[in-house]
Amino acid sequence: SLWALRFLFHACIGVMAGVVVERVLGEDPGLREYGWLHLILFAFLAGSYVVFCASREAVLPPKRAATSSRPWTLVKSIPATLRADKIFRQFLITKVAFHWVFFVIPFMGVHALQTTGRGEGFLGVLLSWQMGGMVLGNLVAGYLGDRKGGRAVLLVGYLLLLGLCLLYPWMETGTSFIAMFVLFGLGFAFTNVGGQTLDLEISPVHRRVSSFALIGWANLLGILMASVSAGQLRAAGCHIHVLAALAV
């Protein structure tokens, strides 16, 4: 539920961002309008930085004498971490495979505009509905996760995103695309909450640093593989149906 509350704040901000995008890009989108969006983003990031600089860390527990902060020490501990825990190895495989959903996600907005013929302001509408789905998803995921654990939440998220990949290529109307973006928001909320929870639960306490490093590398590997492959296939003329089938 703590992870859900964190992502809930993100989603609420995202709903407002969708309204802004719709207003700015609604009539005649061009370089100036996109420039305004970047300027708004910069202002909020700068404000976040100022607030963060004003914060102070809580008193940290004493550092264990046996712990070394040298990068090479971390690298040498990785083989032992992988050998010691079969479940953790399987978890890393799911981390890599999950990111193949990005065969579809980067092209969802483009496909919606091309299919419906709507203007770019429609992207703001889709963003608001997606964030609305994330608001609902975080509330449900937090409630479910406190009772069933992170694994159940993550499995629900995977099923929702699987349904998204299966259904999205067949959508034709603005309403159906809105429904798909709500499903997208729901699925990502569940995978975020469940995934972050399992990152902590599965990582051995005595090897948490190296475990989190491996999780980060698995995420990076999955994103790079999916983005490069999807970009090449899209450039070669592959339709959204093909990309969705590969994501599934």
Side-chain angles (χ1 to χ4, degrees), residues 7 10-11 14-15 17-19 21-22 24-26 29 34 37 93-138 140-141 144 152-195 218-248:
F7 293 123
H10 295 181
V15 172
V19 175
V21 171
E22 180 187 8
V24 174
L25 300 182
Y34 280 98
L37 292 179
I93 294 173
T94 66
K95 285 286 185 180
V96 174
F98 164 76
H99 289 93
W100 287 75
V101 72
F102 285 94
F103 267 70
V104 175
I105 290 173
F107 310 110
M108 288 176 61
V110 175
H111 181 65
L113 295 185
Q114 292 176 344
T115 304
T116 62
R118 301 278 191 95
E120 294 184 28
F122 188 51
L123 293 174
V125 176
L126 295 176
L127 175 60
S128 291
W129 281 101
Q130 177 197 341
M131 294 297 108
M134 289 192 71
V135 169
L136 177 61
N138 283 313
V140 177
L144 177 64
V153 173
L154 189 60
L155 286 174
V156 173
Y158 281 173
L159 289 174
L160 291 173
L161 292 178
L162 179 62
L164 173 71
C165 293
L166 291 172
L167 295 174
Y168 194 82
W170 309 101
M171 299 298 104
E172 296 181 350
T173 66
T175 302
S176 62
F177 280 113
I178 287 174
M180 288 296 99
F181 270 79
V182 172
L183 182 62
F184 176 28
L186 284 168
F188 245 73
F190 274 83
T191 54
N192 281 338
V193 174
N219 288 332
L220 177 61
L221 177 62
I223 290 173
L224 288 176
M225 291 172 60
S227 60
V228 172
S229 300
Q232 293 295 323
L233 290 171
R234 183 75 174 185
C238 283
H239 197 267
I240 190 71
H241 290 79
V242 177
L243 297 175
L246 292 172
V248 171

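Residues take their numbers from the sequence shown, with the count starting at 1.
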### Message
If I compare all heavy atoms of V101 with all of C165, which pair ends up nearest, and what's the gap?
### Response
CG2-SG, 3.9 Å
### Query
To the nearest 0.5 Å, how far apart are CG in L136 and CE in M131?
13.0 Å
### Selection residues 161-174 - residue pairs positive for salt bridge (charged side-chain N to carboxylate O under 4.0 Å, His left out), sequence neighbours left out
none
### Message
Please give me the minimum heavy-atom distance between V19 and S128, naming the atom from each residue.
### Response
N-OG, 3.3 Å
### Summary
Taken to the nearest 0.5 Å, the spacing of L159 CG from L186 CG works out to 13.0 Å
### Message
Applying side-chain contact (heavy atoms from CB on, under 4.5 Å), can you list everything that pairs with L144, at least two apart in sequence or on another chain?
### Response
K148, V153, V156, F190
#### Entry: Rounded distance [0.5 Å steps], NZ in K95 versus CD1 in I223
10.0 Å
### Query
What ring pair (Phe, Tyr, Trp, His ring centres under 6.0 Å) pairs are there with at least one residue in residues 114-136, not counting sequence neighbours?
none
### Summary
Between the OG atom in S229 and the CZ atom in F102, the distance rounded to the nearest 0.5 Å is 13.5 Å
### Query
By side-chain contact (heavy atoms from CB on, under 4.5 Å), which residues pair with L162, not counting sequence neighbours?
L166, V248
### Message
Just to verify, what does L37 make a side-chain contact (heavy atoms from CB on, under 4.5 Å) with, not counting sequence neighbours?
### Response
V20, V21, V24, L25, Y34
### Query
Between L123 and E22, is any pair of side-chain heavy atoms under 4.5 Å apart?
no
### Query
F184 and F188: ring pair (Phe, Tyr, Trp, His ring centres under 6.0 Å), yes or no, with the steps?
CA-CA 6 Å; F184 176 28; F188 245 73; 5.2 Å; yes
### Task
Enumerate the residue pairs fulfilling side-chain hydrogen bond (donor to acceptor under 3.5 Å, both in side chains) with a member in residues 238-248, sequence neighbours excluded, ordered by first and then second residue.
H239-H241
Can you give me every donor-acceptor pair (side chain of residues 109-116, partner residue at least two apart or in another chain, under 3.5 Å) with its distance?
| from | atom 1 | to | atom 2 | distance (Å) |
| --- | --- | --- | --- | --- |
| T115 | OG1 | H111 | O | 2.8 |
| T116 | OG1 | A112 | O | 2.7 |
| T116 | OG1 | R118 | N | 3.3 |

### Query
Considering residues at least two apart in sequence or located in another chain, which fulfil the side-chain contact (heavy atoms from CB on, under 4.5 Å) criterion with L155?
R151
## Note on the structure
The complete set of side-chain hydrogen bond (donor to acceptor under 3.5 Å, both in side chains) pairs with one or both residues in residues 173-195, sequence neighbours excluded, reads T173-S176
### Message
Give me the atom names and distance for the closest heavy-atom approach of V104 to A247.
### Response
CG2-CB, 3.9 Å
### Query
Hey, what do you get for CD (Q130) to CD1 (I105), rounding to the nearest 0.5 Å?
8.5 Å
### Gap between atom CZ of F7 and atom NE2 of H10 - 0.5 Å precision
6.5 Å
### Task
Taking the side chain as every heavy atom from C-beta outward, state whether L243 and L233 have any pair of such atoms under 4.5 Å apart.
yes
### M134 to A189 - nearest heavy-atom pair and separation
O-CB, 3.7 Å
### Query
So which pairs with a foot in residues 153-170 pass side-chain hydrogen bond (donor to acceptor under 3.5 Å, both in side chains), sequence neighbours left out?
none
### Query
Which heavy atom of M225 sits nearest a heavy atom of V96, and at what distance?
SD-CG1, 4.3 Å
